[in-house]
Amino acid sequence: MHNDIKTTCPYCGVGCGIIVSPSRDGQVVGGDPDHPANRGRLCSKGAALIDSITAESRDDFRLETPLIDGTPADWPTAIAQTAHRLADTIARHGPRSVAFYVSGQLLTEDYYVANKLLKGFIGSPHIDTNSRLCMASTVVGHKRAFGGDIVPGCYEDLEIADLVILTGSNLAWCHPVLFQRLRAARQKNGTKIIVIDPRKTASCDIADLHLPLAPGSDVALFNGLLAWLADQEKLDHTFLTRHVSGTEDALASAHADCPDIATTAQKCGLSLGDVEQFFNLFADHARTVTVFSQGINQSSSGSDKVNAIINVHLATGRVGLPGSSPFSVTGQPNAMGGREVGGLANQLAAHMDPNNPFDVDRLARFWNAPNLQQGEGYKAVDLFDAVATGEIKAIWVMATNPVVSLPDTSKVRAALANCPLVIVSDVVNNNDTLKYAHIKLPASAWGEKSGTVTNSERRISRQRPFRQGPARPGPTGGSWQKLLKKWALITALSGRMLPKFLPNMPPCPNLKMMACVPLILANGHKPENHLNRAMMPWPRFNGPPRATINPKPGRSGCLAMACLPHQTAGPAWFPCATSPRAATPAPTTR
């Protein structure tokens, strides 16, 4: 229909395309048959989107007017007060006394300008996101193995693989549209499916084999698989020689941990027959996708689990091929977008490294950002610890509720209660975090925002608005709709605040909504067709082989991708083979 709006579902990292259509009763939502993530499919949450936003429309639900110390204010006053208090904090305590805590519910544009303002112009590295709670282990694992936060798989791989392994992922409940695609592929192609989970979940309904391993034994299982593959001469030595470093150390670590099937079965609490069946299925099916999610990530050894999974794929050359890759699926709708534009304390925009002086210098020049500093900021839990100790004097929380979502909530409450300046941007007028806010700033909800989001396979989708937000002005009148969009608010704030502590510099001309597009497309573009060995994503990170992580007893050694020669023309701001990346120290396991 002429009035149909195509946009993106806000519920999870699958990134389903939806169509919002007018009806006699208001609006209805249907799946977008042309969107490659879901091809018209929707889960129950996506199908009920209109019902949920209708429930949110009651008068007492929305935060509609800025509040300064509990007093309603118009937008000019709110911006001026926010700018003044942040600038005063910086003048008294330095730029590192300010932190932002953002969210996978933000648009990529929101993430970008928040990251740019804090890191590039205020000069504080302390921006992190609630995505830290779900995806940080995968980020570390990817960087160890590939030299960058690379996703080598895509959704179509699930449909053309001969074997799909679900580990730490209850795909049926958490990513039901992907589960529907996998179920259909199994019915059509006879795809073998293995579920590795201590529990018997709904995903086991289509499994050929369920491995109820002992909690925390994932590394042992995949180390055992790696050692067995080596003993059975099932490794791809040509691929390893050409593209991988650290093979001998990783194999030695795997053999020391789980030298045979019996040891693996004993450590994992599994039967000898089930482990043997799993190993043989992996060896016999070259097209293998291993899907992993929060059951792997949310662990004290999550990064080691990620690398143990990636290791068996690298050792057998099953990376970046049609129907064959390790594949992390995310929980939040735009956790990937935040990772692309550097919305984490240990990343810079376009997956550049804050510890690499070459990357820092390049981004500072691209941004014209005089205060961008080398080094990482505080990650989510450490960030709130720094608030608790008084090191951080001002924190701006955007689109998340850390008092509920972070561990040790009593500690988070005490930290915010004693923080001199707490700013919260949110849609609602009442949640646990807002109770501690000195400045409350209204924000747009899903359905009212325009921008982009990135899903688990790194596909960028448009999010288009299909309704107006609350139309009530501030107490002195005037339009404030645009400032509900966080990127616009941050841009307006920067124009008021930057001259206060950077008197010789005009407001940044690049601190605008779409300034991030070149960097997003540089590394976030996902071709429609499959990647193959001649078109892997990592040649853009050309450079010398990364140093191997020293294996530790009982943990996974890490196979690291060596650099490949240039096979596609990369953007000018990605490092070349002679970049100082060679001097970047190898990360270490905890």
Side-chain angles (χ1 to χ4, degrees), residues 8-9 11-19 30-47 151-197 200-211 274 277-293 295 309 312-313 316-330 455-459 461 526-533 535:
T8 308
C9 180
Y11 271 120
C12 75
V14 175
C16 294
I18 62 173
I19 300 176
D32 182 355
D34 298 323
H35 197 285
N38 59 313
R39 299 170 186 164
R41 298 180 179 94
L42 285 181
C43 70
S44 57
K45 291 187 292 185
V151 177
C154 62
Y155 296 161
E156 192 178 352
D157 289 328
L158 297 174
E159 298 170 320
I160 61 176
D162 297 321
L163 172 67
V164 174
I165 301 167
L166 305 179
T167 179
S169 171
N170 184 8
L171 207 67
W173 279 17
C174 301
H175 300 91
V177 169
L178 293 185
F179 185 75
Q180 292 171 28
R181 291 182 66 168
L182 180 58
R183 181 194 290 272
R186 183 176 187 272
Q187 293 172 345
K188 179 181 178 181
N189 304 323
T191 310
K192 297 291 185 182
I193 297 171
I194 299 172
V195 174
I196 302 172
D197 198 310
K200 185 173 183 179
T201 67
S203 298
C204 296
D205 292 348
I206 62 171
D208 297 279
L209 175 65
H210 172 220
L211 297 178
D274 282 351
Q277 184 182 356
F278 168 47
F279 287 4
N280 279 298
L281 282 169
F282 189 94
D284 294 342
H285 294 86
R287 289 186 177 224
T288 300
V289 175
T290 302
V291 176
F292 58 96
S293 191
I309 293 167
V312 296
H313 279 266
T316 52
R318 302 178 189 185
V319 180
L321 294 172
S324 193
S325 266
F327 190 21
S328 162
V329 292
T330 57
N455 70 359
S456 290
E457 62 172 354
R458 287 260 161 88
R459 189 181 298 277
S461 296
K526 189 74 176 180
E528 290 297 323
N529 297 322
H530 274 289
L531 300 171
N532 55 44
R533 290 194 189 187
M535 287 289 289

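- Side-chain atoms of H175 come within 3.5 Å of backbone N or O of T330 as a donor-acceptor pair.
- Within the 3.5 Å criterion, the main-chain N or O of G15 finds no donor-acceptor partner in the side chain of T8.
- A donor-acceptor contact shorter than 3.5 Å is absent between the side chain of N189 and the backbone of I160.
- With contacts defined as side-chain heavy-atom distances shorter than 4.5 Å, the pair H313/T288 qualifies.
- No side-chain heavy atom of F327 sits under 4.5 Å from any side-chain heavy atom of D157.
- Going from atom NE2 of H35 over to atom CG of N455 covers 7.0 Å, rounded to the nearest 0.5 Å.
- Both cation-pi conditions hold for R318 and F282: the charged atom is under 6.0 angstrom from the six-membered ring centre and inside a 45 degree cone around its axis.
- Residues K188 and E159 fail the side-chain proximity criterion, which asks for heavy atoms closer than 4.5 Å.
- Under the 4.5 Å side-chain criterion, counting only non-hydrogen atoms from C-beta, C174 is not in contact with S169.
- Judged purely by atom type and a 3.5 angstrom limit, D32 has no side-chain atom pairing as donor or acceptor with the backbone of I19.
- Between F278 and I194 there is a side-chain heavy-atom pair separated by less than 4.5 Å.
- In this structure a side-chain-to-backbone donor-acceptor pair under 3.5 Å is present from S324 to A286.
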Below 3.5 Å, can you tabulate the donor-acceptor pairs from side chains in residues 40-47 to any protein atom, sequence neighbours excluded?
none

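- A donor-acceptor contact shorter than 3.5 Å is absent between the side chain of S456 and the backbone of V14.
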